[in-house]
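Chain letters run A, B, ... following the sequence lines, proteins first, then strands; residues in each count from 1.
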Amino acid sequence: MHPPQLVLTRDDLHEVVDYFSARDEFAFDVETSGRDRGVAAVNNVTWMSLATHGAATVIPLGHPNGYELLRKASWRKNKATGERENLPAQFSDPPTQLRPSQVFEALRPLFFSNRTKIAHNATFDLLSIAKYYGGYPPPPYGDTIVAAWLLNENRPLGLKPLTKARYGLDYDHENVGKCVEAHPFGTVANYAWLDAKSTWLLWRHMRPQIDADGLAPIWGLEMDVLDCLLHTQAPGTPVDIAALNSLRDDLRRELVGREAGVYRAAGKVFNLGSTPQKQALLYGPPPEGQGLQPRRFTKTGAPSTDADALGFHKGNPLVDEILGYQELATILHTYVEGYLGDNEGRPSQVFDGRIYPSFAQYGTVTGRFSCRSPNVQNWPRPDTVWGKRIRDLVEPSPGSRLLVADYAQIELRILAHFAGPGRLWQGFWDGMDAHVATAAAVFGVPPEEVTKAMRQVAKGLAFAIIYGAGPGKLADMAGISVAKARGFMRTHEREFPEVYRYKDEILRTVRGRRPQPYLHTLLKRRRRLPDLLSPVAALRSRAERQVVNSHIQGTNADMTKLAMVRFNKTRLPGMQLLLTVHDELAVLCPTEIAEEGAKVLHEAMAGEDMQLLGVPVLTEVKICERWSEAK
DNA sequence: CAATAGAGCGCT
DNA sequence: AAAGCGCTCTATTG
């Protein structure tokens, strides 16, 4: 018979487990509470909901509110201090609920089995419950957000938008999931039940669609990636708190001085974070303003105050002071105070000496990962002073080393692969630096006579192809005139005809696909580009650039994801993947097996089975105590 | 009050 | 006419 839709007693729970035990796949969803509800490693799970063939149920495990709202939330000014005081809403008493330990113990046979565990953004739900088991449930998994993304990367991927689009069901006007403890018991019960139910419905619809669209192989890879992400994210990343605190002190001290320098040069105190105020001071007429000529404009037409625009006015004291200030301010605000939190409501992102970055395998349209809370994919480069100090915050335990590996010029190698035999291809087979080889061809000199400036032009040309940049951008990048840039681009086209044949060919193929234009990456990931047929020229051009870029960037993502999965299957005990930055992997490894571990990592990234391109795929693994050693 | 947009900046 | 991201701050809007 059907199990109860709301579980409040042990008997209810047993009926549910009995029913779900007879099924080989089920969807589930968690609701979490508290300030850190979004951090799977530390949050509290206060609701579980389950759905499968013919049934759905919701299990509260400590919701604080009853069914009745007795008084709405409000606030008032404290007369003495003038500060705002928030008065929380009041509810009737909650019903008696099962304890988390009881519930998770009873559900163990469901989760720790070969049943397919399905959720919408499954890493979050699996890691949220993993705490209660001391480990995460094993595969197989299903993830409706990943399925939805593979089926169409150009749409909102939230559970609600998808459910509404597919079934017309629009059930969350109050944003209950954002803070379940602000809502009465019945509202949350209803909401959580519907989350599990709609996840199940979406699964039933989308999983067959994956096969029908020929996406089964890339789906298989992504589910292996999901497994790998659990291993990566569950333990978090160890951080040196003492170093983080002293970095904060150093930056604050330094920044106070630079702030004063800016005010001195400006002749007044102003808000350094305010773009309009900076615009007035820099470009406004004297004596208040500096009267500088704007050289770059924002997309809304305002004179830009970004580093690029200010670069034209180096030597102006105010400009120089602002540039110096801005650099440190970004580091302090984003990478230091952003992690430590503050007393104004910004919570710390460091828990027990660890950060828990969250990687989204569905986070980009091209197949790459995105990363948040915190984003460790945009840490300042390790060849800068502050980049070293940020990256050195990662603190391997005393008996561990850090293995850092990245693919060498992977995007250009992928371009060479797609373009086929020619100068670029041959350059890689000859083991040459790709930019030197390009410069030699474009400037018509032997490789040993290629200068720094010539190599810089070649580098710009590579970007121009991969991103679709025009002569203006190349000129900016290489520090040459637009006329010269145009000339180099023509020469490049003559010397590397196969590259341009490839661009034409892929564009033609993709444009011709129906019902809408899409491309295939190396591992048959799809990227749909409907704008390729747009009547608007600007949109069409942009889509044409995206074709080439997504083909290359998406193939890079395929390879990195495959390497991660290979690593996850071959890693030695004690090794932990820490992070992935598009063409780079960083791994923690016990010191006594560091050499062996480096080989495993190397093999996963660039072994025989990873030679998927027509040109060699190379990677170098560095073994370090701290990241700054990795250059 | 909260939510959103714009500018800016960090990364590959 | 430069591809893909996330975070912080300010200013504006609801």
- Item | Per A/Y335 side chain, nearest of listed nucleotides B/dC9, B/dG10, B/dA7 | B/dG10
- Message: Any base atoms under 4.0 Å from A/D406, or only sugar-phosphate, or nothing? Heavy atoms, all strands.
- Response: nothing
- Message: Does B/dT12 have its OP1 or OP2 closer than 4.0 Å to a side-chain nitrogen or oxygen of A/R381?
- Response: yes
- Picking from C/dC7, C/dG4, B/dG8, which would you name as closest to the side chain of A/R542? C/dG4
- Starting at CD of A/Q277 and ending at P of B/dG8, how long is that distance when rounded to a whole Å? 14 Å
- Item | Atom-pair distance (CD1 on A/I410; C1' on B/dC11), nearest Å | 18 Å
- Using a strict cut-off of less than 4.0 Å between a Lys/Arg side-chain nitrogen and an Asp/Glu carboxylate oxygen, indicate whether A/R526 and A/E153 qualify as a salt bridge. no
- Testing C/dT8, C/dA2, C/dG6 for proximity to the side chain of A/H333, the answer is C/dT8
- Message: Regarding A/Q553, tell me which of base, sugar-phosphate or nothing describes its non-hydrogen contacts under 4.0 Å with the strands shown.
- Response: base
- Message: Over all strands shown, is A/V548 touching base, sugar-phosphate only, or nothing at heavy-atom distances under 4.0 angstrom?
- Response: nothing
- Query: OP1 or OP2 of B/dG6 less than 4.0 angstrom from a side-chain nitrogen or oxygen of A/T300, does that happen here?
  - Reply: no
- Item | Contact under 4.0 Å: A/Q546 side-chain N or O vs C/dG4 OP1/OP2 | yes
- Rounded to whole Å, OH of A/Y467 lies from P of C/dA1 at a distance of 18 Å
- Query: Between A/D240 and A/R626, does at least one N-O distance fall below 4.0 Å, as a salt bridge requires?
  - Reply: yes
- Message: I want to check one thing: is the phosphate of C/dG4, taken as OP1 and OP2, less than 4.0 Å away from some side-chain N or O of A/R368?
- Response: no
- Task: Whole angstrom is fine here: how far is it from CD in A/Q377 over to C1' in C/dG4?
- Result: 10 Å
- Across the strands shown, which category fits A/K178 at heavy-atom distances under 4.0 angstrom: base, sugar-phosphate, nothing? sugar-phosphate
- Task: Would you indicate what A/E337 reaches in the nucleic acid, counting non-hydrogen atoms under 4.0 angstrom: base, sugar-phosphate, or nothing?
- Result: nothing
- Query: Given the rule in the side-chain hydrogen bond (donor to acceptor under 3.5 Å, both in side chains) test, do A/E259 and A/Y263 qualify, once you have shown the distances and angles that lead to the verdict?
  - Reply: CA-CA 6 Å; A/E259 222 176 302; A/Y263 298 149; 3.2 Å; yes
- Query: Base, sugar-phosphate, or nothing: which does A/E411 touch, judged by heavy atoms less than 4.0 Å apart?
  - Reply: nothing
- Query: Looking for any heavy atom pair under 4.0 Å, which part of the strands does A/R540 touch: base, sugar-phosphate only, or nothing?
  - Reply: nothing
- Message: Base, sugar-phosphate or nothing for A/G387? Non-hydrogen atoms, less than 4.0 Å.
- Response: nothing
- Side chain of A/H582 - closest among C/dC5, B/dT12, B/dA7: B/dT12
- Query: To the nearest Å, how far apart are A/D583 CG and C/dG4 P?
  - Reply: 17 Å
- Query: Heavy atoms under 4.0 Å, any strand shown: does A/T364 hit a base, just sugar-phosphate, or nothing?
  - Reply: sugar-phosphate
- Task: Rounded to the nearest angstrom, tell me the gap between atom CG in A/L282 and atom C1' in B/dG8.
- Result: 14 Å
- Message: So, does A/Q326 get its side chain near the phosphate of C/dC9, meaning an N or O under 4.0 Å from OP1 or OP2?
- Response: no
- Integer-rounded Å distance: B/dC9 P and A/R296 CZ: 14 Å
- Task: Would you tell me if any nitrogen or oxygen in the side chain of A/T334 comes within less than 4.0 Å of OP1 or OP2 on C/dG6?
- Result: no
- Message: By the 4.0 Å heavy-atom rule, please label A/A302 as base, sugar-phosphate, or nothing.
- Response: nothing
- Determine: side-chain N/O of A/T330 to OP1/OP2 of B/dG8, distance under 4.0 Å, yes or no. no
- Item | A/R295, CZ: over 12 other non-hydrogen atoms inside 6.0 angstrom | no
- Which part of the nucleic acid, if any, lies within contact of A/S373, taking any heavy atom under 4.0 Å across all strands shown: a base, the sugar-phosphate backbone alone, or nothing? sugar-phosphate
- Query: For C/dG4, does either OP1 or OP2 sit under 4.0 Å from a side-chain N or O belonging to A/T366?
  - Reply: no
- Query: Contact class for A/R346 vs. all strands (heavy atom < 4.0 Å): base, sugar-phosphate, or nothing?
  - Reply: sugar-phosphate
- Task: Before accepting this row, confirm whether a basic side-chain N of the pair A/R389/A/D392 lies closer than 4.0 Å to the acidic partner's carboxylate O.
- Result: no
- Query: OP1 or OP2 of C/dA11 sitting under 4.0 Å from any side-chain N/O of A/S274?
  - Reply: yes
- Send over the distance from A/W627 CH2 to B/dC11 P, rounded to a whole Å. 13 Å
- SB check A/R258 A/E254 (cutoff 4.0 Å): yes
- Message: From C-beta outward on A/P380, which listed nucleotide comes closest to its side chain: C/dC7, B/dG8, B/dC11?
- Response: B/dC11
- Message: Please determine whether a side-chain nitrogen or oxygen atom of A/N378 lies at a distance below 4.0 Å from atom OP1 or OP2 of B/dT12.
- Response: no
- If the plane angle is over 60° it's perpendicular, under 30° parallel, otherwise tilted; pick one for A/H492 and A/Y500. perpendicular
- Task: Kindly indicate whether the side chain of A/N375 and the base of C/dG6 share any N or O donor-acceptor pair separated by less than 3.5 Å?
- Result: no
- Query: Taking OP1 and OP2 of B/dC11, is either one under 4.0 Å from a side-chain nitrogen or oxygen of A/R391?
  - Reply: no
- Query: Does A/E337 reach the main-chain N or O of A/D342 with its side chain, forming a donor-acceptor pair under 3.5 Å?
  - Reply: no
